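Just below is one structure, and these are the notes that go with it.
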Amino acid sequence: MPAKPSLDGLEEKWAAVWDEQDTYAFDRTAERAEVFSIDTPPPTVSGSLHVGHVFSYTHTDTVARFQRMRGKAVFYPMGWDDNGLPTERRVQNYYGVRCDPSLPYDPDFEPPAQTAPHKRGGDPRQVPVSRGNFIELCERLTAEDEKAFEATWRRLGLSVDWKHTYATIDAASRAASQRAFLRNLARGEAYLTEAPTLWDVTYRTAVAQAELEDRERPGAYHRIAFHRPDGEPVHIETTRPELIPACVALVAHPDDERYQALFGQTVRTPIFGVEVPVKAHPLAEPDKGSGIAMICTFGDLTDVTWWRELRLETRTVIGRDGRVLADPPRGLDSESGRAAYAELAGATVHTARERIVAMLRDSGELVGELRPITHPVKFYERGDKPLEIVSTRQWYVRNGGRDDELRARLVERGAELTWHPPYMRARYDNWVGGLNGDWLVSRQRFFGVPFPVWYPLDEAGEPRYDRPITPDESALPVDPSSDVPEGYRAEQRDVPGGFTGDPDVMDTWMTSSLSPQIAGGWERDPDLFARVFPMDLRPQGHDIIRTWLFSTIVRAHFEHGTLPWRNAALSGWILDPDRKKMSKSKGNVVTPIGLLEEHGSDAVRYWAASGRPGTDTAFDTGQMKVGRRLAIKILNASKFALSVVPEEQAVRGAAPDPEAVTEPIDRAMLAELAGVVDDATAALEGYDYTRALERTERFFWELCDDYLELVKARAYDSDPAAGSARAALRIALSVLHRLFAPVLPFVTDEVWSWWQEGSVHAQPWPRTEEFASAAQAGDPAVLSAASTVLRAVRKAKSEAKQSMRADVERVVVTGKSVEAVRRAAGDVAAAGRIRTLDLVGSDDAELAVEVRLAD
RNA sequence: GGGCGUAUAGCUCAGUGGUUAGAGCACUCGCCUUACAAGCGAGCGGCCGUAGGUUCGAGUCCUACUACGCCCA
């Protein structure tokens, strides 16, 4: 035990010890019932860790440590998310390469100079490389990131078993993603179809419903004249006049009196003179604009519904690059119409709109002035241009979006899951209930897990999408752009009568949704998988219930017919002092490592533990300082409690003896401690680490302020009463060290090492049975009454501006519970330096304390 | 527009229908007290968002409203 205990250096010291001694190693001989398994969120390695990570990962760690001390074999792996766009861009810029899946794998490839980072976007100097080489570069780069992340996690004190890690682009993850997909395909849960698709023109990829967000954007209603056969105009209002050439019908509500005569008739479009039908449909809103709208292929999702339900033609004018297609759509046949279209061809949506407005003004078909509005526009969450809708062939996985029975079963799965906090389930129910299509899982990107599929080419060289060729599971992972399907030769690639590989990659959630299977060794290590799956806990942010949580449930439901885990704990956000979510753009993000170095890991963890599941929490360095004070207090109080035992009597590792606790006040303290153990245990069983900490902390401070002061003098003595105090202190110390261990792992292992063998984190969680024989006989009133008197004495000294060492001439205590005081009279008199302590019984429920200070 | 959540001391938050609503921080006034001055003691500080209702009794339950946050349209 050091003469002057300090928190400095505890992180390095204990992180090294835990690593060396495998303190957190998963015991893979444990049966499922003895295992507590955690589906840890894999952080994005190409990004950086921020305070929010420290916050939520600490929550999980407190639960992991509690379960470990309760005797569970804790399966606590760590994953790295290196799959997807962020890594793609980072690898491009770092190595000056770009992925070109048409290239063959080059085993001798070395990237160009890794110096000057290249500019964003399509730098022409970027060297094209195969997908296999690109993945290797990704793994090379992220290996560096992973080291930095791991170092941060170790310093934070996460009790992860570092022998169990995975990366979402590594071979095992790719094999698992492809295997699960092939099984989805075989069971009919995955399918390929051509359909209108939400499309990001910047990234040139399809996106899924879960990746959408609405953004308020300025726009304007344009009042535009269509023409009836008799020459009379029909006015519609639209915010997207550039889509007039894509118009396939007009639509009004079936009950709208104004348009009854028009239903079934045709009208001609302005400028282009295309004849289109007028239809009735209940989704048309009579109150919006003129009550009649143009249907284009495709302006928005309502257009898609109308197009599908009214069986309309398709006139595509916007290409995948977001520009007007070179050739006019079918039906746009008139000479003047084609001439007008030629003015638009190749233009961006924005330019096309300006040009068509000018044409409409010239022709007199634009009526009145534009009416500016702001309206919600759909964006890809990572994109900065509005989504277009184009018809493309894509892979889908069924998720209940078009199947009420499946939807109902997935809602039931949500009900089977235990949510922390429970109300988060509503997010899940709302999302599943609001799905309007299956999960679009293919992305027109280069870097990611490829679909393990080839297509035969017919005599004309066209792919037979209805006859996909799939590999044997034993061959996974495969890359169809370089691997050759069975029965074909490499020379047959992309030639008539040969084959072609599916060029797309999977949505990253197709891999992430398998994190329990990937971490648990599904089909790779059946023995491990049987011990850890379904997992006990999924910790995650509530913002990705619709994506990660939901998709993981979908995959496990299909593959295993079960939930992937029993509990989901949803962490809140970190808010800055203005109650806004902390974000990089606001420049208010603090780096985790700096935070840990400044305040100490235990202190930061203490702050994190103040955030209950689901609760947004203010970033508060004040709370970290409080945590640091608590850790220092644990050092000092432990030093005191251990130092009152004469050195020759101190036996390392000796269990404190409850039988030696004989004094009423010592037993009272242990009785109260028993209540703390019960409450903290119940709280942690329910994932309420915050309450467990609060309860423990409150008891500990009161122990230091009152009990320690009361027994101090006696404990230094050498008679049997001293032995009682010392034994009680050591029992309390042993219990408190363990109660604090999940939140403050560094300081607790430090103080534990002063007097015990092994790590505190390998000890059993405290149970009241350990000291029941002493505690059960304890009357808590003894301690509380003694404390009341002591406080009154302190108050008198404080008001007299005297030192706490000042002598007290006489104290008279009156009240019902003076007998309780009497049982601790010696300690009270010693702690208060009271010469005469008079105890007068009365019927008053409250103790009255009269203090006369010495002169 | 729909759903969920939050509203208690200057700040951050506890409060599980039942005495006079609590803690920490901050602030004020004190104290060198051999575990701890990175400490200790004491004190100040509340129309519990607003308005109704249920109840013997409401910070707590119900309804409406207001403000804020998140999710979804």
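Treat the numbers as computed from the prediction; the structure is a model and nothing was measured.
- Remark: the separation of the C1' atoms in B:rG17 and B:rG53 is 16 Å, to the nearest Å.
- At whole-Å resolution of the value, CZ in A:R695 and P in B:rA23 are 16 Å apart.
- The side-chain heavy atoms of A:V432 and A:F550, taken from C-beta on, include a pair separated by under 4.5 Å.
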Checklist entry - What dot-bracket string describes RNA chain B from 5' to 3', counting Watson-Crick and G-U wobble pairs whose defining distances are under 3.5 Å, with [ ] for crossing pairs and | for pairs to another strand? => result (((((((..((((....[...)))).(((((.......))))).....(((((..]....)))))))))))).
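- Side-chain atoms of A:D705 lie closest to B:rG41 of the nucleotides B:rG41, B:rA38, B:rC72.
- The aromatic ring centres of A:H542 and A:W573 sit less than 6.0 Å apart.
- Position along RNA chain B of the nearest nucleotide to A:D620 versus A:R546 favours A:D620 as the more 5'-ward residue.
- Classified by interplanar angle (parallel below 30°, tilted 30° to 60°, perpendicular above 60°), the ring pair A:H53/A:H50 is tilted.
- Atom P of nucleotide B:rC25 and atom CG of A:L630 are separated by 12 Å, given to the nearest angstrom.
- Heavy atoms of A:W701 sit under 4.0 angstrom from primed sugar atoms or phosphate atoms, though from no base atom.
- Across the protein-nucleic acid pair, A:R794 atom CZ and B:rA42 atom C1' stand 10 Å apart, rounded to whole Å.
- Counting non-hydrogen atoms under 4.0 angstrom, A:Y716 reaches the backbone sugars and phosphates but no base.
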Checklist entry - In B/S/- notation, 5' to 3', how is nucleotides 15-20 of chain B contacted by protein heavy atoms closer than 4.0 Å? => result SB---B
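- Nucleotide B:rG39 holds its C1' atom 10 Å from the CD1 atom of A:I632, rounded to whole Å.
- Contact check for A:L596 versus A:E11: no side-chain heavy atoms found under the 4.5 Å cut-off.
- Between the CG atom in A:N399 and the OG atom in A:S513 there is a gap of 11.5 Å [rounded to 0.5 Å].
- Between A:E694 and A:S643, the one whose closest nucleotide on RNA chain B sits nearer the 5' end is A:E694.
- Residue A:L642 is classed as having no contact, given no heavy-atom separation below 4.0 Å to the nucleic acid.
- In this structure, A:R427 atom CZ and B:rG69 atom P are separated by 14 Å, rounded to whole Å.
- Atom CD of A:E697 is separated from atom P of B:rG24 by 10 Å (rounded to the nearest Å).
- Residues passing the salt bridge (charged side-chain N to carboxylate O under 4.0 Å, His left out) test with A:E598: none are found, sequence neighbours excluded.
- Spacing between atom OH of A:Y606 and atom P of B:rC13 amounts to 13 Å, rounded to whole angstrom units.
- Atom CG in A:L570 sits roughly 16 Å away from atom P in B:rC4 (whole-Å rounding).
- Aromatic ring centroids of A:F619 and A:W607 lie under 6.0 Å apart.
- In this structure, OG in A:S512 is found 8.5 Å from CD1 in A:I544, a value given to the nearest 0.5 Å.
- A close approach under 4.0 Å does occur between a side-chain nitrogen or oxygen of A:K4 and OP1 or OP2 of B:rA37.
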